[in-house]
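Count residues from 1 along the sequence.
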Amino acid sequence: MARYLVTGGAGYVGSHVVLALRERGDDVVVVDDLRQGHRQAVSPGAELVVADISDRRRLDEVFASWKFDGVLHFAALSLVGESMREPLRYIAENVSNTLWLAEAAVRAGCGRFLMSSTAALFGLPESVPIDEGARLQPLSAYGDSKLMAEKGLDWAERAHGLRTASLRYFNAAGADPQGRLGEDHDPETHLIPLAINAALGLGPALTIFGSDYNTPDGTCIRDYVHVTDLADAHLRVLDRLNAEGGLRYNVGNGQGYSVREVLASIKAVSGREVPCALGARRQGDPAVLVASSAKLQRETGWAPRYDSLDEIVRTAWSWRAAYPQGYRNFSPTVASV
Ligand code: UFG
C-alpha cells in the first residue's frame, strides 16, 4: 500500500484517479481549493485538504503531515479559449504551481511526480495519429503553459533526481461506469456534456463549430478516451515511475470521431435527438486530433477498455440523466469505495 498526494483530486479526471487509487487500496490525500472541483467527488476514504496549491506554506504543512510515495498533479487552469484572453495568468499559475509543487516534493524526499498534460502541446499536427515524437508547437497559452511545466520537470529530474511523468490527454470523456462519479464543469465547454445537456433540455441547442473542415462529414474529428481508462493509465505510469523517470505519454483511444458522429451516438444511446445548429469554426481548432498510444501500451500494458464511442457516451449520459444538476444533487455517499 502506498500514499499519494493528489492535487485537483476533486476535479473531473483527478476524482476518477482518486477512486481508482482507493479501489486498489492506496491512501490518498487530495489538495483542492474546490473552485472547479466538488467536495462530493472525493471518495470518502480519501482525505480532503481544502487549499489553493499556490499557498506554499499550506503545501509544506501537507508534506509535513504525511509521507507520500508520489504526487499526482491535476490542479490547473485548463480552458484553451480563456488562456488566449489571459495568457500571463495561465502561464504564471500553471508553470509556477507545478514547479513549486515539484520542489516541495523533492524537499520532502518524495521521489515520484506525475502531471496531467494535454494534446494541446501539438498544436496543428503535421500528421495523425500523433505519437510522442511529433513536434511540440502549442497554439494556445494553455498548451504552452503545460509544455513549460513539462520542461521544468525535466530540470527537476536532472538536478534533483525526481522521477517525473506527464500524460498528454486527448479528449477525456465519459463517467465512472458504476455511476459513482461524473463530469461537472462550470462553465462547461466540452462537446459531449454540452450535447447531452442539450438533448436532456438542460442547456441550449448545441452549436457545431464548423462544418467545412477537410473531414468526411465536414466536422472536426477528436479522440475521445474514457476517463476510467485514463485513470488506469495513471496507475500504470505511477507504478512504472518506481523504476524510471522521464516518462512522457500520449493517451487516447487511437480512434477519431467527428462531431456529427458524437451527436449520432447520443441519439443511438439515448433515443433523443441533440438539438443543434451549424456555426462558425472555433479559432484554433485543428481538423483532426487522434493519438497514438502505442508507447503507453508497449511500456505499461495499458489498453482502453471502453473503446467504443457508444460506451463512452452511455456512461456520460447515465450520470447526467441521474444527476441533472451534477454534483449539486449528488449524494456524497455514492462515491464511496
Ligand atoms: N465542439 C462543438 N461545439 C461545442 C463544443 C465543441 O462543435 O459547443 C467541437 C469542437 O470544435 C471540437 C470538438 O467538438 O471539434 C471537441 O471539442 P471540446 O471542446 O470538447 O474539446 P477540444 O478538442 O477542443 O479540447 C480538448 C481538451 C483540451 C485540450 C484540447 C487539445 O479538452 O484540454 O483537446 O486540442 F487542450
Side-chain angles (χ1 to χ4, degrees), residues 13 78-81 83-84 116-144 146-147 150 166-174 183 188-196 206-227 229-230 233 248-268 274 276-298 302-304 306-313 316:
V13 179
S78 62
L79 299 177
V80 174
S83 83
M84 300 305 275
S116 61
S117 188
T118 171
L121 294 192
F122 299 106
L124 289 170
E126 281 146 6
S127 61
V128 286
I130 303 167
D131 65 21
E132 291 76 4
R135 186 132 47 105
L136 300 172
Q137 43 188 3
L139 292 175
S140 64
Y142 167 60
D144 232 343
K146 289 287 181 175
L147 179 56
E150 286 194 8
S166 173
L167 296 187
R168 288 100 173 237
Y169 316 150
F170 281 61
N171 290 66
E183 180 169 16
E188 187 52 80
T189 62
H190 295 111
L191 175 65
I192 292 179
L194 284 175
I196 288 175
L206 183 89
T207 303
I208 296 177
F209 294 147
S211 50
D212 57 351
Y213 284 95
N214 186 18
T215 58
D217 69 17
T219 64
C220 284
I221 292 177
R222 291 290 179 274
D223 181 332
Y224 297 91
V225 55
H226 196 280
V227 66
D229 285 328
L230 261 186
R248 304 289 180 263
Y249 295 111
N250 294 355
V251 199
N253 254 321
Q255 291 179 68
Y257 295 99
S258 72
V259 174
R260 286 188 205 275
E261 284 175 315
V262 169
L263 305 189
S265 170
I266 292 173
K267 170 90 194 289
V274 178
C276 64
L278 295 180
R281 289 184 177 198
R282 186 172 64 178
Q283 212 195 346
D285 263 345
V288 183
L289 279 179
V290 177
S292 163
S293 301
K295 182 179 173 210
L296 179 69
Q297 303 208 11
R298 197 172 57 242
W302 178 82
Y306 304 96
D307 61 352
S308 88
L309 181 61
D310 285 354
E311 281 179 284
I312 292 171
V313 164

Quiz item: To the nearest 0.5 Å, what is the distance between CD (E261) and OG1 (T215)?
Solution: 9.0 Å
Quiz item: Does the side chain of S265 pick up a donor-acceptor pair with the side chain of D310 at under 3.5 Å?
Solution: yes
Quiz item: Within a strict 4.5 Å, meaning less than it, do heavy atoms of the W302 and S293 side chains meet?
Solution: yes
Practice problem: Identify the heavy atoms of V251 and A291 that sit nearest to each other, and give their distance. | Solution: C-CB, 4.3 Å
Quiz item: Taking only residues two or more places apart in sequence, or in another chain, which ones meet S211 in a side chain to side chain donor-acceptor pair (under 3.5 Å)?
Solution: none
Self-check item: Heavy-atom neighbours of Q283 CD exceed 12 at 6.0 Å
Solution: no
Practice problem: Take E150 and L121, measure what side-chain contact (heavy atoms from CB on, under 4.5 Å) needs, and give me the verdict at the end. | Solution: CA-CA 10 Å; E150 286 194 8; L121 294 192; 3.4 Å; yes
Quiz prompt | Nearest atoms (heavy-atom pairs only) where Y306 meets N253 | solution = O-ND2, 3.9 Å
Practice problem: Would you name the heavy atoms of A195 and I266 that are closest together and state the gap between them? | Solution: CB-CD1, 3.5 Å
Quiz item: Rounded to the nearest 0.5 Å, how far apart are CG of N214 and CD1 of I221?
Solution: 9.5 Å
Self-check item: ring-ring contact (aromatic ring centres under 6.0 Å, His included) involving Y213 - partner list, sequence neighbours excluded
Solution: none
Quiz prompt | Non-neighbouring partners of F209 that pass ring-ring contact (aromatic ring centres under 6.0 Å, His included), sequence neighbours left out | solution = none
Practice problem: Would you give the length of the straight line joining atom CG of L263 to atom CD1 of I208, rounded to the nearest 0.5 angstrom? | Solution: 5.0 Å
Quiz item: Are L167 and S117 side-chain neighbours, meaning at least one heavy-atom pair lies under 4.5 Å?
Solution: no
Quiz item: Do K146 and S116 come close enough that some side-chain heavy atom pair is under 4.5 Å?
Solution: yes
Practice problem: Flag the pair R281 / D212 as yes when at least one side-chain heavy-atom distance between them is below 4.5 Å, and no otherwise. | Solution: yes
Quiz item: Listed by chain and number, what are the side chain to side chain contact (heavy atoms under 4.5 Å, CB included) partners of V80, not counting sequence neighbours?
Solution: S140, Y142
Quiz item: Who passes side chain to side chain donor-acceptor pair (under 3.5 Å) against S308, sequence neighbours left out?
Solution: E311
Practice problem: Considering non-hydrogen atoms only, spot the tightest contact between N250 and S292 and give its length. | Solution: CB-O, 3.6 Å
Quiz item: Can you find a pair of side-chain heavy atoms, one from V288 and one from C220, that are under 4.5 Å apart?
Solution: no
Quiz item: Roughly how far apart are L309 CG and I192 CD1, rounded to 0.5 Å?
Solution: 6.0 Å
Quiz prompt | S258 side chain near D217 side chain, heavy-atom distance below 4.5 Å | solution = yes
Quiz item: Hey, mind stepping through L206 and L191 against side-chain contact (heavy atoms from CB on, under 4.5 Å) and telling me if it holds?
Solution: CA-CA 8 Å; L206 183 89; L191 175 65; 3.7 Å; yes
Quiz item: side-chain contact (heavy atoms from CB on, under 4.5 Å) between I130 and V290: does it pass, once the steps are laid out?
Solution: CA-CA 6 Å; I130 303 167; V290 177; over 6 Å; no
Quiz item: Minimum heavy-atom separation for Y224 to I312, with atom names?
Solution: O-CD1, 3.3 Å
Self-check item: Which residues share a side chain to side chain donor-acceptor pair (under 3.5 Å) with Y169, sequence neighbours left out
Solution: H234
Quiz item: When you check the gap from the basic side-chain N to the acidic O, do R168 and E132 get nearer than 4.0 Å?
Solution: no
Practice problem: Please step through side-chain contact (heavy atoms from CB on, under 4.5 Å) for the pair R222 and D285, ending with a clear verdict. | Solution: CA-CA 10 Å; R222 291 290 179 274; D285 263 345; 3.5 Å; yes
Quiz item: Side chains of D307 and H226: does their closest heavy-atom pair fall under 4.5 Å?
Solution: no
Exercise. Report yes if some heavy atom in the side chain of Q255 is under 4.5 Å from a heavy atom in the side chain of P129; otherwise report no.
Key: no
Quiz prompt | Heavy-atom closest contact (F122 atom, L136 atom, distance) | solution = CE2-CD2, 3.5 Å
